[in-house]
Amino acid sequence: MDLPEMTVPEPAIGEAEAEERLRRNRSDLVAMLAKADHRFRAGDHRAASAFYKACNRLAAQSGGESDRAEAMSAWLDKRFRDHLLDRLDAGGFDRRSRHPRFQKSLDIMFGEAAREPVYEQFPQVPQLYFYPDLPHVEFTDIGGLQWVMALEAQFPSMRAEALALLEGKADFRPYVRQTAARPQGDVHGLLENPDWSTLFLWENGGAVAEHVALCPKIFGAVMEHVPLCHIGPRAPSVMLSLLRAGAKIPPHTGMINTRFVCHLPLVVPETCGFRVGETRIEWREGRTIAFDDTVQHEAWNDSAKDRLVLIFDIWRPELGETEKAQIRALFDAVDSY
């Protein structure tokens, strides 16, 4: 059934003013609602939905409510759901052909089913998409896999490039960057903080040529040997993660639990550490680790030198090709909305 059309009144303030007010105060409900209305009037429904939901959270925190933001959120959620299901059906993934776990993930996403109870101290808490019935993992054993051995065999030349990057003028940028495209919280004090910086080699579905030129052996080794997780422009990410001397990355969780994130430590001083869930480790240069980043994790560099780790992501091995195809189709539908 077609949804009735929705309209919003002329926003109380201009979009540029709303963005400036939100930069100064992320709890400014008037500015947040104006930003939501501007995005809706521009036809940017994904962004509008995010800002209307932020309005609902702000109103709830102050003990009130925002009737119009709630109504708009509900309408946009229904429209988004219909769009995703229509696209999946058109792509050959109607309900009868969907893998049971994939269908269950949709039911949970749309609020039509509840997630099973979890009992781990540090469960999977993806920020974007939860795929059910995958075993709980902190670190997974990838030792002995052919691609791991092939990648690690290239470590000496990769480390040489890494040292040159640390000594040169590579364009490392804060991992968490300011944006007006979506509501932002305090993101653990990391917003525009260069203590945790990255140099992306593959991002948004393609190679970053100017960065690859700085470390062609690192990039070539990953692309030749690693079975990367490809999901349109969303994955993989292949990047160099720089953690400055004395810096910490506070506890946080990642976006989707259908992948494992891998680290290959390239330059790691002593007294650098990493925790996933209940398990703490120290990185070992040249030895790859893989973990579920939707389990709470944190990192620290208690040394007086910078730490540099290569990061990339792979599919979880429990997923079959049918499930991977359906997950890719889902995110293609999301990105087309």
Side-chain angles (χ1 to χ4, degrees), residues 1-9 11 15 32-57 66-115 126-133 179-184 203-206 229-237 254-259 294 315 319 321-337:
M1 185 175 67
D2 291 337
L3 287 171
E5 289 299 317
M6 296 288 279
T7 59
V8 298
E15 188 165 14
M32 193 72 76
L33 185 59
K35 177 66 179 179
D37 288 341
H38 279 291
R39 289 295 85 209
F40 183 82
R41 291 163 70 94
D44 186 358
H45 287 174
R46 283 175 60 192
S49 178
F51 284 104
Y52 284 126
K53 284 180 167 61
C55 290
N56 294 334
R57 291 192 295 271
S66 178
D67 292 343
R68 186 158 63 79
E70 289 182 4
M72 294 302 297
S73 292
W75 186 88
L76 286 165
D77 283 350
K78 179 65 166 63
R79 188 178 187 276
F80 185 54
R81 176 189 183 279
D82 291 349
H83 168 82
L84 295 186
L85 294 178
D86 288 347
R87 285 294 297 262
L88 287 171
D89 289 351
F93 299 124
D94 62 16
R95 189 179 186 102
R96 291 172 298 177
S97 64
R98 293 175 200 151
H99 190 282
R101 284 194 295 209
F102 179 71
Q103 180 59 50
K104 193 172 179 180
S105 80
L106 296 179
D107 294 340
I108 294 170
M109 174 189 290
F110 299 140
E112 297 167 3
R115 179 177 171 177
Q127 297 182 38
L128 180 63
Y129 175 60
F130 174 70
Y131 202 79
D133 302 331
T179 178
R182 295 290 187 274
Q184 281 186 299
E203 185 181 26
N204 298 325
C229 169
H230 285 277
I231 308 176
R234 295 175 177 271
S237 291
M255 293 294 176
I256 60 177
N257 67 325
T258 56
R259 63 182 183 176
T294 69
W315 287 104
L319 299 174
E321 293 304 317
T322 296
E323 291 176 279
K324 294 175 188 177
Q326 292 176 358
I327 292 166
R328 282 192 290 263
L330 172 64
F331 282 102
D332 284 346
V334 170
D335 292 332
S336 71
Y337 180 68

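Note that these values count all heavy atoms, side chains included, but never hydrogens, waters or copies made by symmetry.
Residues T258 and Y131 share a closest heavy-atom pair of CG2-CB, 3.5 Å. Listed here is the closest heavy atom pair of A54 and M32: CB-SD, 3.8 Å. Listed here is the closest heavy atom pair of M255 and R259: N-NH2, 4.2 Å. Minimum interatomic distance between S105 and P132 (heavy atoms only, all atoms of both residues): CB-CD, 3.6 Å.
One distance of note links CG of D82 with NZ of K78; it measures 3.5 Å at 0.5 Å rounding. Atom CG of residue D332 and atom CZ of residue R234 lie 9.5 Å apart, to the nearest 0.5 angstrom. H45 NE2 to Y52 OH: the interatomic distance, rounded to the nearest 0.5 Å, is 8.5 Å. Atoms CD1 and CZ, from I256 and F331 in turn, are 5.0 Å apart once rounded to the nearest 0.5 Å. Taking NZ of K35 as the reference point, atom CZ of F51 lies at 5.0 Å (rounded to 0.5 Å). One distance of note links CZ of R95 with CD of Q103; it measures 4.0 Å at 0.5 Å rounding.
Between the side chains of R87 and Y337, not a single donor N or O lies within less than 3.5 Å of an accepting N or O.
Between K53 and D77 there is a salt bridge, since at least one side-chain N of the basic residue sits less than 4.0 Å from a carboxylate O of the acidic one. Using a 4.0 Å cut-off between charged nitrogen and carboxylate oxygen, R81 and E112 count as a salt-bridge pair. Electrostatic pairing of D37 and R41 does not count as a salt bridge here, judged by no charged N lying under 4.0 Å from a carboxylate O. R98 has a carboxylate O that lies under 4.0 Å from a charged side-chain N of D89, or vice versa, which qualifies the two as a salt bridge.
Formation of a donor-acceptor pair under 3.5 Å by the R101 side chain with backbone atoms of L319 is not found in this model. In this structure a side-chain-to-backbone donor-acceptor pair under 3.5 Å is missing from Q326 to F102. In this structure a side-chain-to-backbone donor-acceptor pair under 3.5 Å is missing from D44 to R39. The closest donor-acceptor contact from the side chain of S73 to the backbone of A69 lies under 3.5 Å. S49 places no side-chain N or O within donor-acceptor distance of the main-chain N or O of R46, the cut-off being under 3.5 Å.
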Task: From CA spacing to verdict: side-chain contact (heavy atoms from CB on, under 4.5 Å), S336, H83 - done: CA-CA 9 Å; S336 71; H83 168 82; 3.1 Å; yes
Task: side-chain contact (heavy atoms from CB on, under 4.5 Å) assessment of F93 paired with T322 - done: CA-CA 10 Å; F93 299 124; T322 296; 5.6 Å; no
Open item on the list: Using side-chain contact (heavy atoms from CB on, under 4.5 Å), reason through L84 and L106 one step at a time and then give a plain yes or no.
Closed with: CA-CA 10 Å; L84 295 186; L106 296 179; 5.8 Å; no
- [ ] Decide side-chain contact (heavy atoms from CB on, under 4.5 Å) for V8 and H38; before the verdict, give the C-alpha distance in whole Å, the side-chain angles of both, and the deciding distance to 0.1 Å.
- [x] CA-CA 9 Å; V8 298; H38 279 291; over 6 Å; no
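Within the 4.5 Å cutoff, side-chain heavy atoms of W75 are placed close to those of F40. Counting only heavy atoms from C-beta outward, the side chains of Y129 and L330 approach each other to under 4.5 Å. At a threshold of 4.5 Å between non-hydrogen side-chain atoms, the residues C55 and M72 do not count as touching.
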